[in-house]
Amino acid sequence: MLKVYICEDDAKQCMHVKSIIEKAILIEAYDMELVMFTSDPHKIIESIQNTNNTGIYFLDIDLKTDIDGFILAESIRKQDPRGFIIFITANADMLPLTFKYKCEAMDYIIKGPDTDYIKRINSCLQEANDRFSGQNSLNTKVFNFKFGDTISHERFDNIILFENNPDNPHKISMYSTNRVVDFRSALKEVEKNLDERFAKCSNRCIINLDMLDYVDKKGNIVTMKTGQTVLASTRYIRSLLKKIQ
Amino acid sequence: MYSIHYNIATLLTLSLLLISICNISPVKFSKKEFLGLIVILSIASLIASNISQYLITVVFILISGLFLYIKTKNILVTIITAILPMGFTTVCNYIAISIFVLFNIDVNEYTKTFSNYLVFVLICMILIFILSRIIGYILNKKIKLLELEILNKQLNLITISILFILGILYFNIVYGNDYYPTNKALFASCALQVLQFVFTLYIMFNLIKSIKTETEIVHKEELLKQLQSYTNELEGLYTTMREFRHDYINTLSTMVGYIKEKDIEQLETYFDEKIIPTGKSMDSNNFKLGSLKYIKIPEIKGIIATKAIFAQEKNINFSIEAKEEISKIAMELLDLGKIIGIVLDNAIEAAEVCANGYIRLAIVKKSDETNIIIINNYKLPIPPIYTLYDQGVSTKGPNRGLGLSNLKKILSKYINTSIDISTEGEEFCLNIKIINSINME
């Protein structure tokens, strides 16, 4: 179960965010519970102390107390490294990218009458739910990998293939439908975290069979649904063909 | 019998030459490549030796040169690495001869038996190995051959001078040594030629060194120019602020006038027409470069400022975020500058065709790494993301996309970097992570 926390100094705003979240949990039947809404950041730090729960935290940045949302987020990270942090603020000038990337926040939502912030709160809840419960259901499973000092995610059904970086043997390139990531790893390590829809097509490459378009047996070329092609080796092509039949 | 001995000696010399190539080559050879080269070279030289003993050298240089060029794609490295070992061998040969002469041994007599010949070859080998190690160290660690950018004229000079020394040395070893009347004359000739070789090498290294300084100066000038344009921009900003302050007093007194006369209607139109636009212009471009002050690396500050100003001239909304001082990033500054330049160029190309083009750059320092994030919008449709790293693909048609493939090549040199590019709707997001600690193994 995911625990939801809200920290917002303006009582009216706080109730508003609370009502949006409660509605979403009810309608979508998320496995979540709103455990705290407060204007005091210390209460949140206190309540997550010595627990192993994963939480979703909606934080205002300007909290009008001794610590701001940024410091709060950092102390939450220490206690709950996998938690989902979402900043909500009325101030658009507060370095959104810095906040988002420094605390590995999921989103930085600017509230105001002409922003789509209700929609964005909802999609944050949706994504947190998918990622959290993702390991159980087939179409929301995610691949977690170490990207620098953070854990990054990609949904299995978005991934097209993994490939050894030809210029640096210590790096892996991951191609998904809208993303290309180069990170430090080995194909062996990657393989451990995948399921049966992935298969090797050569020593250098793992492909997602659901994304496979066709196999050219003569030229040893595998074409993916996105049009991307990779070289396959004869050794693996046979087992590959067996798997897709 | 003699021919077998002879062939063994040839093979030994070949593998030795190859080892010295490995010693001075800036790229490493795998075992497979090494063995493959030995096999190819020995077959080729055995065939060549049937035609002429001296053809082996030419064959050796051609084959190893071809191989090196395929591996490095760098003409200077190829020429130096393929040809220098031949020079070593000759020079070491001379040194060995000189040693023998010093001990009053007639080399031509001495090497007539095979075992003595082997001793002679062994001495040469040790000399070659040591010499190639030293020169390899100088070339790769001190001069960094692979990173040199050399103009064609200079390249030709270097090549020609190397070829000349080699020619002289080679001519002498083929025709010279047998005809010296006394050992002393032989010794003198050897010593002179060794000295000539050493001095020419010395001159060559100095030439390369001065070329290096020259390129550095060019880069410095570039940097200075960038900082200059940044300063100009700041001065412009200062002037705008002064004008604004001046206007501000005027504006206030006008408003005071309207208020005193209680002319609310006039006040309202004045407010709408004069004050609101000023507020908007305060919000726009010029005032978003403030965060640059946190970037303490002049090279990086310079390149970002130049690109930001360039983007703003194209009506792209460019914002920079930096919260803490950025004074060190674990990467060669030249490479880092190139990377940021490439990414921003690409972002500008993509954003300038959008109605509300924007670029957002952030440099975020975390406990153990630095993130460089660049986000821009682009006009749909964008080519499939996996093609973005390919040469010649970009969002702006063919021949524009050399950037991202270069970017990947540069980043691949570093084990401490990761890169994540993604698209979402009309937004392109690029995140480069550079881990600070170097001990990552």
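Keep in mind that this is a model prediction, so the values were computed, not measured.
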Can a donor-acceptor pair be found, under 3.5 Å and without considering hydrogens, that links the side chain of [X] to the backbone of [Y]?
| X | Y | value |
| --- | --- | --- |
| A/N178 | B/T423 | yes |
| B/K408 | A/D182 | no |
| B/K323 | A/F99 | no |

Closest approach of [X] and [Y], non-hydrogen atoms and distance?
| X | Y | result |
| --- | --- | --- |
| A/K171 | B/I415 | CE-O, 4.2 Å |
| A/K102 | B/K366 | O-CE, 3.7 Å |
| A/F147 | B/D420 | CZ-CB, 3.5 Å |

Please check if the number of heavy atoms outside [X] that lie under 6.0 Å from its [atom1] is greater than 12.
| X | atom1 | value |
| --- | --- | --- |
| B/Y294 | OH | no |
| B/F310 | CZ | no |
| B/E424 | CD | no |

Item checked: Contacting moiety of A/Y175, where chain B heavy atoms sit under 4.5 Å ->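 The answer is the side chain of A/Y175.
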
Check: Side chain, backbone, both or neither: which part of A/S176 has an atom under 4.5 Å from a heavy atom of chain B?
Finding: backbone

Next item on the list: Give the C-alpha distance, both sets of side-chain angles, the deciding distance and a yes or no for side-chain hydrogen bond (donor to acceptor under 3.5 Å, both in side chains) between A/K146 and B/S418.
Entry: CA-CA 10 Å; A/K146 218 167 161 249; B/S418 308; over 6 Å; no

Next item on the list: Just give me the residue among B/I419, B/D368, B/V364 that pairs up with chain A most often, heavy atom to heavy atom, under 4.5 Å.
Entry: B/I419

Next item on the list: With a 4.5 Å cut-off on heavy-atom pairs, point out which of B/E369, B/R360, B/E324, B/K365 contacts chain A the most.
Entry: B/E369

Notebook entry, point to check: Quick one: does A/P96's side chain get under 4.5 Å of B/E321's, heavy atoms only?
Noted result: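 Result yes, sub-4.5 Å side-chain heavy-atom pair found.
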
Atom pair [atom1]/[atom2] of [X] and [Y] - distance to nearest 0.5 Å:
| X | Y | atom1 | atom2 | value |
| --- | --- | --- | --- | --- |
| B/N371 | A/Y101 | CG | OH | 8.5 Å |
| B/N431 | A/L97 | CG | CG | 10.0 Å |
| B/S412 | A/H170 | OG | NE2 | 12.0 Å |

Item checked: Side chain / backbone / both / neither for B/I375 at chain A, heavy atoms under 4.5 Å ->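 For B/I375, side-chain heavy atoms alone lie under 4.5 Å from chain A.
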
